[in-house]
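Notes to accompany the following structure.
None of these values were measured; they are calculated from a predicted model. Scope of the values below: all heavy atoms of this structure, side chains included, with no hydrogens, waters or symmetry mates.
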Amino acid sequence: MKATGIVRRIDDLGRVVIPKEIRRTMRIREGDPLEIYTDKDGGVIFKKYSLMGGVAEFAGQLCDTLHRTTGRLTVITDRDSCIASAGVPRRELADRRISRQLEQLMEGRQIYQHREGEPAVPLCDDSEKYAVAIAAPILSEGDVLGCVLFAGAPDQLAGGEVEYKLAQSIAAFLGRHMEG
């Protein structure tokens with residue numbers, strides 16, 4: 001745990017304000033669910049809750065299948081990080097934070113396909129090794145939960161209709177699955 005040096009008081013209704021700087025850094029938006037943990041030393045820990053985190057193993061199997069079908073790097077994300085991938089060593093993308101550009105694509109609620117001549121959208125915040133070829137947002141009850149995407153090196157992003165339809169179908173399936 002990292003100390004921030006920020007102190008806040010709990011009000012008479014039991015509320016505490018999370019400082020804007022921390023919300024911005026951790027990408028916590030109004031309405032985002034937070035899980036509350038306690039540790040044995042009396043600490044209270046708030047962690048962003050991800051509905052997609054509960055299907056990480058299943059998402060991994062979907063990624064493996066999509067990768068075997070297309071031969072492309074396949075990734076499933078929640079709203080903040082990569083939860084499953086296939087086509088690269090798992091540790092290379094596991095739990096890596098997605099780029100702000102990819103987050104904005106998801107918020108647009110439209111399927112994205114890279115076009116030749118456009119700047120590449122990086123997959124992760126801290127690396128431009130991989131870029132997004134096709135991204136389909138996972139929508140459940142009007143909320144964006146994450147996305148299904150095909151990626152590659154920034155100079156190898158050409159994707160066809162097959163990948164587009166696969167990403168669209170798997171994202172729709174996961175969205176409906178999360179509604180249940």
Side-chain angles (χ1 to χ4, degrees), residues 2 4 18-35 45-56 58-60 62-63 66-67 72-88 90-115 117-157 159 163-164 166-179:
K2 186 169 84 174
T4 64
I18 300 172
K20 186 176 187 175
E21 302 81 30
I22 293 174
R23 292 193 319 264
R24 187 179 309 126
T25 302
M26 301 305 295
R27 297 183 183 174
I28 298 171
R29 294 169 289 278
E30 183 179 324
D32 281 352
L34 298 175
E35 274 186 289
I45 302 160
F46 290 92
K47 183 177 178 186
K48 284 185 73 171
Y49 177 72
S50 168
L51 286 170
M52 293 296 294
V55 296
F58 181 62
L62 285 171
C63 282
L66 289 171
H67 172 66
R72 302 285 306 264
L73 166 57
T74 308
V75 181
I76 296 177
T77 74
D78 63 11
R79 288 181 55 170
D80 299 300
S81 59
C82 300
I83 63 167
S85 64
V88 295
R90 295 211 191 278
R91 291 184 185 155
E92 194 166 348
L93 292 175
D95 298 322
R96 296 274 302 276
R97 177 167 276 181
I98 64 170
S99 69
R100 293 223 182 257
Q101 296 96 316
L102 178 53
E103 186 179 356
Q104 290 169 346
L105 286 177
M106 283 192 290
E107 291 300 325
R109 292 172 160 69
Q110 298 293 318
I111 299 175
Y112 166 83
Q113 185 166 15
H114 176 76
R115 289 182 177 74
E118 288 183 354
V121 173
L123 174 57
C124 297
D125 239 359
D126 57 354
S127 171
E128 297 199 7
K129 184 175 181 179
Y130 300 111
V132 178
I134 296 169
I138 300 167
L139 303 173
S140 178
E141 298 176 354
D143 294 326
V144 177
L145 301 182
C147 74
V148 176
L149 60 90
F150 291 101
D155 60 344
Q156 299 173 340
L157 296 179
E163 289 94 346
Y164 185 94
L166 282 170
Q168 181 181 36
S169 298
I170 297 299
F173 171 79
L174 286 170
R176 282 193 294 279
H177 177 75
M178 298 307 290
E179 289 175 1

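- A heavy-atom distance below 4.5 Å is not found between the side chains of L145 and L174.
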Counting only pairs under 3.5 Å, give me each side-chain donor-acceptor contact of residues 128-136, with atom names and distances, residues two or more places apart or in other chains.
residue, atom, partner, partner atom, Å
K129, NZ, E92, OE2, 2.7
Y130, OH, E92, OE2, 2.8

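- Across all their heavy atoms, R96 and C124 have their closest contact at CB-SG, 3.8 Å.
- Here E179 contributes atom CD and D143 contributes atom CG; the two are 10.0 Å apart, rounded to the nearest 0.5 Å.
- E107 and R79 are joined by a salt bridge, as a carboxylate oxygen and a charged side-chain nitrogen come within less than 4.0 angstrom of each other.
- Looking at residues two or more places apart in sequence or on another chain, you find no side chain to side chain donor-acceptor pair (under 3.5 Å) involving E163.
- Scanning both residues, I138 and A171, for their nearest heavy atoms gives CG2-O, 3.8 Å.
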Is there a side chain to side chain contact (heavy atoms under 4.5 Å, CB included) between V144 and R109 once you walk through the steps? CA-CA 7 Å; V144 177; R109 292 172 160 69; 3.6 Å; yes

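- A distance of 4.5 Å separates OG in S85 from CG in L93, rounded to the nearest 0.5 Å.
- For the side chain to side chain contact (heavy atoms under 4.5 Å, CB included) test with L149, the passing option among I98, V75, I111 is V75; the others fail.
- With sequence neighbours excluded, the residues satisfying side-chain contact (heavy atoms from CB on, under 4.5 Å) with D155 are A153.
- With rounding to the nearest 0.5 angstrom, the CG atom of D95 is 11.0 Å from the CG atom of D80.
- Here the CD1-CG distance, from I18 to L34, works out to 5.0 Å after rounding to the nearest 0.5 Å.
- Atom OG of S81 is separated from atom CG of D125 by 11.0 Å, given to the nearest 0.5 angstrom.
- Although no hydrogens or angles enter the test, the distance criterion places no donor-acceptor pair under 3.5 Å between the side chain of T74 and the main chain of A86.
- Between P119 and Y112, the shortest heavy-atom distance links the atoms O-OH, 4.4 Å.
- When every heavy atom of A84 is checked against every heavy atom of A56, the shortest pair comes out as CB-O, 4.2 Å.
- Closest approach of P137 to Q110, counting heavy atoms only: CD-O, 3.5 Å.
- With values rounded to the nearest 0.5 angstrom, I76 atom CD1 is found 5.0 Å from L62 atom CG.
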